[in-house]
Amino acid sequence: MCGIIGYIGSRQATPILIGGLRKLEYRGYDSAGVSVIDPASGGPSRVIRCRGKLANLEEKLTREPAAGTVGIGHTRWATHGRPSDENSHPHKAGPISVIHNGIIENHLALRAELVTAGAKFSSETDTEIFAHLVEHALIAGAPDLTTAVRRSLAKVHGSFAFVVMSDKEPGVLVAAKNSSPLVVGLGDGENYVASDVTAILAETRKVIFMEEGEMVTVTRDGVTITDFEGNARTREPKMITWSAVQAEKGGYKHYMLKEIHEQPRAVADTLVGRINLEADDVSLDGIELDVSKIKRIIFIACGTSYHASMVGEHLVEAMARIPTEVDLASEFRYRDPILGPGDLVVAVSQSGETLDTMEAIREAKRKGAQVFAISNVIEASIPRLADYAFYTHAGPEIGVASTKAFTTQLIAITLLAIHLGRRTGTLSKERARELLGELVALPNKMRDIVESGAQIQAIARRYGNANGFLFLGRGSQYPIALEGALKLKEISYIHAEGYAAGEMKHGPIALIDEHLPVVVLVPRGPSYEKTVSNLAEVRARQGKVIAIATRGDNEIGGHSDEVIVIPDTALELQPILTVLPMQLLSYYVADFKGTDIDQPRNLAKSVSVE
Ligand code: G6P
């Protein structure tokens with residue numbers, strides 16, 4: 001997830017680009033850059049870019065100014081290639097400058113073809129490929145930049161928003177969208193493109209939201225929208241009435257709600273390039289684990305990442321039959337853990353900076369274990385410390401309560417489990433094929449749930465005045481019960497407990513009366529009947545039951561006060577769906593109570609203290 005902006009008009013482009021990038025820095029912040037051209041002088045574009053926050057670029061621009069009235073700017077959140085000056089956008093090939101948000105899935109094949117055709121690459125990014133494709137299309141006879149971009153688009157697969165500029169045609173910007181956001185801003189004798197309205201709101205409120213499979217040619221005086229085949233598309237501009245703050249949240253009331261809704265997209269991004277349907281296998285970005293050397297797996301993590309790790313224990317044991325344990329990073333290293341070269345430690349962390357997790361890794365490495373890190377932030381301390389780094393690509397998460405970072409961790413862990421299971425031979429080709437098919441279908445099923453927020457909001461209002469909540473689940477739903485309770489207490493400040501449903505009778509049952517809402521995770525599966533019995537025990541004591549069940553379960557309504565349904569999926573993937581109602585329920589309860597949802601009291605997004 002990166003931020004992109006383009007300007008074409010009669011004013012100096014650089015200050016407008018930088019103003020826009022400042023608003024986009026929340027989308028990515030590991031490097032930034034601009035490419036600016038002065039059509040009057042006809043000179044080549046000037047690319048200024050550097051690693052680090054936008055302030056570094058601003059500082060560089062004071063030493064090396066970029067003058068001109070046409071330009072593009074980018075703030076990067078690395079996916080392919082570490083954060084560095086060379087990997088920063090814009091990327092140039094001959095006269096072509098390109099910025100990109102998204103992932104080109106077939107980048108390796110295209111890169112090989114372009115190298116054979118004589119292209120010289122100067123970065124590790126997938127984006128640079130597009131600059132070369134456009135340059136080659138022009139050399140091969142495309143009459144103008146728009147046609148060259150169109151011909152290049154026919155070659156790339158994946159998610160993208162591109163903005164392309166040419167030194168030879170400085171009067172146009174060409175942009176295209178597939179899955180990644182893109183908006184066109186209309187001014188008077190000047191126009192804009194950007195990855196979101198926030199970037200251009202200070203300049204114009206008249207915008208056109210681009211749709212999937214559309215491209216646009218932007219000049220000072222107008223815009224021409226077509227599909228990728230060149231058929232004209234017409235659309236009326238919209239006037240944006242959102243405040244700047246609302247716009248940053250994409251029109252959602254809070255970042256957390258925006259991030260909950262981003263999950264189908266985020267999960268699709270985690271899967272990009274990692275599923276190999278022909279081989280019934282997954283690719284861990286080139287990592288090959290030697291299962292003959294792994295005798296035991298130990299997950300270590302904190303907070304929400306710990307809950308993802310608990311699900312991981314189920315997945316790895318079920319698919320790879322390797323003994324697996326889970327430990328809290330803050331406990332692990334203080335008990336002098338028994339570790340050695342046969343152990344693979346899987347460290348899970350959204351921020352990649354949690355000190356307890358980092359110290360646990362150091363302890364594991366000291367004792368000779370191998371470390372596999374799962375992180376959302378590229379080149380953060382934890383993936384850098386580890387032997388293997390695998391990224392979730394969820395995009396920056398602003399809300400303190402983790403949502404999309406969690407579901408993408410579950411995806412990354414599922415991919416790891418499939419990788420191991422295929423190599424130990426305990427996961428059959430057939431089952432792997434079924435699971436991969438289910439993984440691909442998952443984003444749409446997730447969309448189904450996050451879009452059913454109105455029902456959950458109504459439930460949240462009915463129970464939002466309760467003094468406490470209990471969450472119950474069995475098997476891999478137990479960690480989701482813990483996560484549901486954690487989410488609720490983090491943002492609504494209501495006391496909540498997550499319990500293994502079978503343990504209820506050993507304590508929490510004493511809490512149950514007509515005032516206690518009990519959320520029971522009871523999707524179809526081997527523990528279904530047993531969990532229904534627990535649910536009946538709650539009801540027998542007048543507890544209020546909110547059941548999370550599989551669509552088509554006609555029985556559960558008779559045992560529950562409320563039923564929230566999820567689509568059916570493979571047992572292994574159910575936690576990724578059942579957690580979504582947990583997130584929405586806690587969000588709406590907190591919203592009902594009016595708490596500070598994005599920055600709950602006393603909590604921090606990245607915890608670098610012990
Ligand atoms: C903090 C965050 C949580 C997160 C935990 C572990 O408490 O607020 O959302 O789960 O740290 O962080 P990590 O970055 O290692 O996943």
Side-chain angles (χ1 to χ4, degrees), residues 4 6-8 35-39 42-47 68 70-72 74 89-123 125-180 182 184 191 193 210-234:
I4 61 183
Y7 171 78
I8 186 159
S35 177
V36 176
I37 190 163
D38 182 14
S45 60
R46 204 164 151 65
V47 177
V70 181
I72 56 181
H74 189 268
H89 300 214
H91 289 284
K92 240 190 141 174
I96 304 300
S97 301
V98 172
I99 51 175
H100 169 216
N101 171 31
I103 295 168
I104 303 176
E105 284 178 37
N106 54 337
H107 68 105
L108 288 176
L110 287 173
R111 196 180 181 106
E113 274 174 39
L114 285 160
V115 167
T116 313
K120 298 254 177 305
F121 281 85
S122 53
S123 78
T125 63
D126 51 339
T127 305
E128 193 186 345
I129 284 148
F130 201 70
H132 288 284
L133 282 177
V134 177
E135 187 197 15
H136 278 238
L138 284 168
I139 294 168
D144 53 30
L145 185 63
T146 304
T147 314
V149 171
R150 182 171 298 126
R151 288 182 188 168
S152 308
L153 286 171
K155 301 196 169 157
V156 294
H157 309 307
S159 60
F160 50 76
F162 292 112
V163 189
V164 187
M165 192 173 89
S166 167
D167 295 356
K168 299 218 171 111
E169 232 178 297
V172 298
L173 293 177
V174 181
K177 163 182 165 66
N178 189 43
S179 295
S180 303
L182 186 70
V184 176
N191 289 307
V193 284
M210 300 284 289
E211 289 183 359
E212 300 311 329
E214 285 186 345
M215 58 185 290
V216 60
T217 303
V218 186
T219 67
R220 278 180 56 168
D221 303 313
V223 300
T224 310
I225 302 176
T226 66
D227 62 18
F228 289 177
E229 274 76 50
N231 304 304
R233 293 269 179 100
T234 47

Report task. With sequence neighbours left out, write down each residue that passes ring-ring contact (aromatic ring centres under 6.0 Å, His included) with His89, or none if nothing qualifies. Result ->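 Listed in chain order: His74, His91.
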Exercise for the section: Quick one: list whatever passes ring-ring contact (aromatic ring centres under 6.0 Å, His included) with His107, sequence neighbours left out. Expected result: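 So His107 forms a ring-ring contact (aromatic ring centres under 6.0 Å, His included) with His80.
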Please name the pair of heavy atoms, one in [X] and one in [Y], separated by the smallest distance, quoted to 0.1 Å.
{"X": "Pro170", "Y": "Val70", "value": "O-CG2, 3.4 Å"}
{"X": "Thr125", "Y": "Ile129", "value": "O-CD1, 4.3 Å"}
{"X": "Ser166", "Y": "Ile96", "value": "CB-CD1, 3.8 Å"}
{"X": "Pro90", "Y": "Val47", "value": "O-CG1, 3.9 Å"}
{"X": "Met165", "Y": "Ser35", "value": "CE-OG, 3.3 Å"}
{"X": "Gly171", "Y": "Ile8", "value": "O-CD1, 3.1 Å"}

Under 3.5 Å, sequence neighbours excluded: what are the donor-acceptor pairs made by side chains of residues 113-120?
from: Thr116; atom 1: OG1; to: Ala112; atom 2: O; distance (Å): 2.8

Taking side-chain contact (heavy atoms from CB on, under 4.5 Å) as the test, write out the residues that go with [X], two or more places apart.
{"X": "Ala176", "result": "Leu153, Met215, Phe228"}
{"X": "Ser152", "result": "Phe130, Leu133, Val134, Ala137"}
{"X": "Ser122", "result": "Glu128"}
{"X": "Asn106", "result": "Ile104, Leu110, Val156, His157"}

With Val164 as partner, the option from Val149, Val172, Leu173 fulfilling side chain to side chain contact (heavy atoms under 4.5 Å, CB included) is Val149
Residues pairing under salt bridge (Lys or Arg N to Asp or Glu O under 4.0 Å) where one sits in residues 132-143, two or more places apart or in two chains, turn out to be none
Do the non-hydrogen side-chain atoms of Arg150 and Thr226 ever get within less than 4.5 Å of each other?
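They are in side-chain contact.
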Report task. Taking the side chain as every heavy atom from C-beta outward, state whether Thr217 and Leu145 have any pair of such atoms under 4.5 Å apart. Result -> no
Please list, chain by chain and in numerical order, all residues satisfying side chain to side chain donor-acceptor pair (under 3.5 Å) with [X], sequence neighbours excluded.
{"X": "Arg151", "answer": "none"}
{"X": "Lys92", "answer": "Ser45, Asp167"}
{"X": "Glu214", "answer": "Arg233, Arg235"}
{"X": "Thr147", "answer": "Asp144"}

Say you draw a straight line from [atom1] of [X] to [atom2] of [Y]; how long is it, rounded to the nearest 0.5 Å?
{"X": "Thr219", "Y": "Glu169", "atom1": "OG1", "atom2": "CD", "value": "11.0 Å"}
{"X": "Tyr7", "Y": "Asn191", "atom1": "OH", "atom2": "CG", "value": "9.0 Å"}
{"X": "Thr127", "Y": "His100", "atom1": "OG1", "atom2": "NE2", "value": "5.0 Å"}
{"X": "Phe160", "Y": "Asn101", "atom1": "CZ", "atom2": "CG", "value": "11.5 Å"}

>> I'd like to know if the side chain of Asn178 and the backbone of Glu212 have a donor-acceptor N/O pair within less than 3.5 Å.
In response: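 No; judged by distance alone, with no hydrogens or angles, the pair does not exist.
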